[in-house]
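Structure first, then comments.
Numbering of ligands and ligand atoms starts at 1, following listing order.
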Amino acid sequence: MKLILLGAPGAGKGTQAELICEKLKIPTISTGNIIREALKNGTEMGLKAKAFVDEGKLVPDEVVIGIIKERLAKDDCKNGFILDGFPRTIPQAEALDTMGIEIDKVLSIEVKDEDIIRRMSGRRVCGDCGASYHIEYKKPVVEGVCNVCGGELTIRKDDKPETVLDRLKVYHEQTEPLKEYYGKKGMLVTVEGQEELKDTTKLTFEALGI
Ligand code: AMP
């Protein structure tokens, strides 16, 4: 299964990706996590991306397309993958087409802007492995500590309220048109994000037929 997850920042793409990944045993590829790792390590790509990420803007297409090309060429992607946060623009989607990658389904998780803003204030991420949590909806076993690797949970710099508004604007202007792009190809399925995580997961699995 080759899957794309669409949705506003904070809609729950990463969380659903983790659960699909467990069920189907295929890797999740999150361009956001790859970029944050590069920022942390101070690589050349990280330095190029920093100003865009900090301001809630999209990193230039050629940079993320390069990241994805390199990642999808790895062995673990042979039996399928979940793309979380890519593509985010029409040129990125066209680049996937040009690479000859045949996506099976595109799942869009729909959450209203006001709910996104409310949810983002409770989001926490592991500074070491990138796993994502929420202080109400997806609590870690031990407060402030990552279940996966024991790393410290932090608030993402780009989750502060002003930046969230910019990221939502970018989502509506640049990413949302992808729904029409994939809708026309008959690949789009839509799920309404629910208050309870398990309810969204149930709808997601049903929509994907898994
Ligand atoms: P995310 O964790 O998916 O919310 O991504 C965090 C930030 O990384 C975004 O706000 C962008 O600055 C950058 N980013 C991640 N994926 C992409 C992409 N496909 N295209 C452009 N920028 C991206």
Side-chain angles (χ1 to χ4, degrees), residues 2-18 20-21 27-41 43-72 81-99 101 103 106-109 111 113 116-117 119-134 138 153-179 181-182 193:
K2 297 188 180 100
L3 264 182
I4 290 174
L5 296 189
L6 285 181
K13 300 186 294 294
T15 302
Q16 292 307 323
E18 262 177 47
I20 301 167
C21 162
T28 297
I29 298 162
S30 155
T31 39
N33 279 353
I34 296 173
I35 293 169
R36 274 185 291 281
E37 188 64 24
L39 286 175
K40 201 171 77 185
N41 296 332
T43 66
E44 197 186 327
M45 187 271 280
L47 293 175
K48 263 192 223 163
K50 187 174 184 336
F52 298 100
V53 177
D54 285 352
E55 285 175 31
K57 298 208 173 92
L58 293 185
V59 172
D61 285 334
E62 64 274 17
V63 176
V64 272
I65 291 167
I67 294 175
I68 280 291
K69 266 195 189 151
E70 200 177 300
R71 183 63 188 87
L72 292 184
F81 49 77
I82 307 157
L83 293 180
D84 164 13
F86 185 96
R88 257 176 157 104
T89 63
I90 301 277
Q92 291 178 21
E94 288 170 346
L96 267 185
D97 294 342
T98 309
M99 285 160 67
I101 291 182
I103 298 294
V106 179
L107 176 89
S108 175
I109 306 178
V111 178
D113 283 7
I116 291 283
I117 293 164
R119 285 190 196 188
M120 292 290 258
S121 62
R123 180 152 84 166
R124 301 289 181 271
V125 291
C126 173
D128 289 340
C129 77
S132 169
Y133 298 86
H134 193 281
K138 198 184 167 211
L153 301 187
T154 56
I155 299 178
R156 264 169 61 171
K157 206 171 160 194
D158 59 345
D159 275 354
K160 55 179 194 272
E162 320 82 91
T163 317
V164 168
L165 290 179
D166 289 336
R167 291 166 67 203
L168 273 173
K169 190 163 174 272
V170 166
Y171 168 73
H172 290 305
E173 286 174 3
Q174 300 193 54
T175 307
E176 218 167 9
L178 289 174
K179 289 200 273 183
Y181 182 89
Y182 288 117

Is the shortest distance from a Lys or Arg side-chain nitrogen in Asp159 or Arg167 to a carboxylate oxygen in the other one below 4.0 Å? yes
Which residue owns the protein heavy atom closest to atom 1 (P) of ligand 1, what's the atom, and how far is it? Arg88 NH2, 3.5 Å
Name the closest protein heavy atom to atom 14 (N) of ligand 1, giving the residue it belongs to and the distance to 0.1 Å. Ile35 CD1, 3.6 Å
Within reach of ligand 1, part of Val64 (heavy-atom separation under 4.0 Å): side chain
Nearest-option assignment for atom 7 (C) of ligand 1, heavy atoms, candidates Val170, Val59, Asp166, Asp158: Asp158
Arg156 touching ligand 1 at heavy-atom level, < 4.0 angstrom: yes
Specify the protein heavy atom at minimum distance from atom 20 (N) of ligand 1: its residue, its atom name, and the distance to 0.1 Å. Gln92 NE2, 2.9 Å
Within 6.0 Å of NZ in Lys160, more than 12 heavy atoms from elsewhere: yes
Would a distance-only check, ignoring hydrogens and angles, find a side-chain to backbone donor-acceptor pair under 3.5 Å from Lys13 to Gly85? no
Got the closest protein heavy atom to atom 11 (C) of ligand 1, with its distance? Lys57 O, 3.5 Å
Report yes if some N/O of Arg36 lies less than 3.5 Å from some N/O of ligand 1; otherwise report no. yes
Side-chain touch Tyr181/Asp97, heavy atoms, less than 4.5 angstrom: yes
Can you see which heavy atom on Asp61 is nearest to which on Gln92, and at what distance? OD1-NE2, 2.8 Å
Side-chain touch Leu6/Ile109, heavy atoms, less than 4.5 angstrom: no
Atom 10 (O) of ligand 1: which protein heavy atom is closest, and how many Å away? Arg167 NE, 3.9 Å
List every atom of ligand 1 that sits less than 4.0 Å from any heavy atom of Gly85, numbering the atoms from 1 in the order shown and giving each element. 16 (N), 17 (C), 18 (C), 19 (N)
What's the shortest distance from atom 16 (N) of ligand 1 to any protein heavy atom, and which residue and atom give it? Thr31 OG1, 2.8 Å
From the options Leu72, Ile4, Ile68, select the one residue that forms a side chain to side chain contact (heavy atoms under 4.5 Å, CB included) with Ile101. Leu72
One thing to verify: whether Asp166 and Lys57 come together as a salt bridge, which I'm taking to mean a side-chain N less than 4.0 angstrom from a carboxylate O. no
